[in-house]
Amino acid sequence: MSRPAVMAPERRPTRQIAVGNVPVGGGAPISVQSMTITKTADVEGTLAQIYALAAAGADIVRCTCNEQAAAEGLARMVPRSPVPLVADVHFHHEMALAALEAGVHGLRLNPGNLRKPEEIKLVAAEARDRGVPIRIGVNAGSLHPELYKRFGGATPEALVESARMELAYFEEVGFDDVKISVKASNVPLMIAAYRLAAETFDHPLHLGVTEAGPPPAGLLKATAGIATLLAEGIGDTIRYSLTADPVEEARAGRQLLEALGLRERKGLDLIACPSCGRAEIDVIGVAKQVQEALEERSLPIQVAVMGCVVNGPGEAREADLGIAAGKHRGHLFIKGQIVRVVPEAEMVEALVAEAEKLVAEGIEARLAAADTGAAAEAEADRQALFASQGDDVNASEARVELIRKTIRHERNGSTEA
Ligand code: SF4
């Protein structure tokens, strides 16, 4: 649906690499990544998860390559995957070489546990010859022990130095088809490390708060770190690392980018009022029903559910479509204009039906199809509600008078005592 002009943050300029057919950096749309949790050797199970991740919004998927059977699985999955595949490699450089043989679209190497310069250079030279990019995936939890000692811990400087050293090995063999991550599970450390990396390198940055944990706390931690950096224009590809079904990671990544105006909306954006004493319906319950019905239909639309008609349509006037409750009826509105008034029991059904028509026919056509008299009916409900509730739903003036009386009484009482 049409959106107002969005002031997305200005992006940090970087060079561009390509992970398969997905460009990363250099002004490309910020991509969403996730990682499978199946055994990579289980080709059918892993492919099913890759398809689920792609459907949830992942542009790139990573699979562990920890054993020969995993590399063989990758070889079988590469031609069948809907998105580029990256092999995650720790400790064993031969697994990186095997993944390259499998035809993966990218490698992730951890400089903290793959430390022998000759092996690193061998992998980089092989990736160079095959035109496959590598992510230098530094992680505070598995920082190279010498750097840990030299910097007195996993500081932002130590994380960036680890990436710089790896890059130097790559450069020795003429390879710099690289993106960089400097992840930590501590959010302030992660933010500081990426800010320093952004000042130090012009390579694309892969953002993530590592081992963020289960939702909702994990979602909040990851969002705090990733969103802060994105809002500063830092970051070219992102991954939520949640202790959860990875589909949640992909969905969260996509939703964050959409919320920041950094990717085109693919799905539902539900606005719902928090409810208050004026609410005429169970806002939480209705919002949940609407969310389920519209997500099932994958409609790219912004919908508002508002608890009352006194403030609802006005406050949600930017939404493509909305419903506000009043006097046992629901007021359906498009871009703030009332188009239909329906009985309360039919609110959700009417909203979903209108959402489908709106996506199919467009805003102008649906405004033209508005019920005549709907606006007048709605205004009558609004006035009736306003008259019954007034503009003081908490009877605050009467309460203020009572408070004053109570205090006067207590003060006089204590003086008398
Ligand atoms: S829309 Fe109505 S019910 Fe919802 S928070 Fe605002 S005043 Fe309260």
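Both counts, for ligands and for their atoms, begin at 1 and track the order of listing. One is the number of the first residue; the rest follow in order along the sequence.
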Pull out every atom of ligand 1 sitting under 4.0 Å from any heavy atom of A279, numbered as shown with elements.
3 (S)
Among all protein heavy atoms, pick out the one at the shortest distance from atom 8 (Fe) of ligand 1; state its residue, atom name and that distance to 0.1 Å.
C276 SG, 2.3 Å
Less than 3.5 Å apart, any donor N or O on the side chain of Q33 or T237 sitting next to an acceptor on the other?
yes
Do I271 and V305 have side chains that approach each other closer than 4.5 Å (heavy atoms only, starting at C-beta)?
no
Hey, is K179 close enough to D236 for a salt bridge, meaning N to O under 4.0 Å?
no
Is the distance from atom 2 (Fe) of ligand 1 to the nearest N/O/S atom of C308 under 2.8 Å?
yes
So which protein heavy atom does atom 4 (Fe) of ligand 1 come closest to, and at what separation?
C273 SG, 2.4 Å
Which residue owns the protein heavy atom closest to atom 6 (Fe) of ligand 1, what's the atom, and how far is it?
E315 OE1, 4.0 Å
Considering non-hydrogen atoms of the protein only, which is the closest contact for atom 7 (S) of ligand 1, and what is the distance?
N311 ND2, 3.2 Å
Can you confirm whether the side chains of T223 and Y240 place a donor and an acceptor under 3.5 Å from each other?
yes
Within this structure, what is the CG-OH distance for the pair L159 and Y194, rounded to the nearest 0.5 Å?
9.0 Å
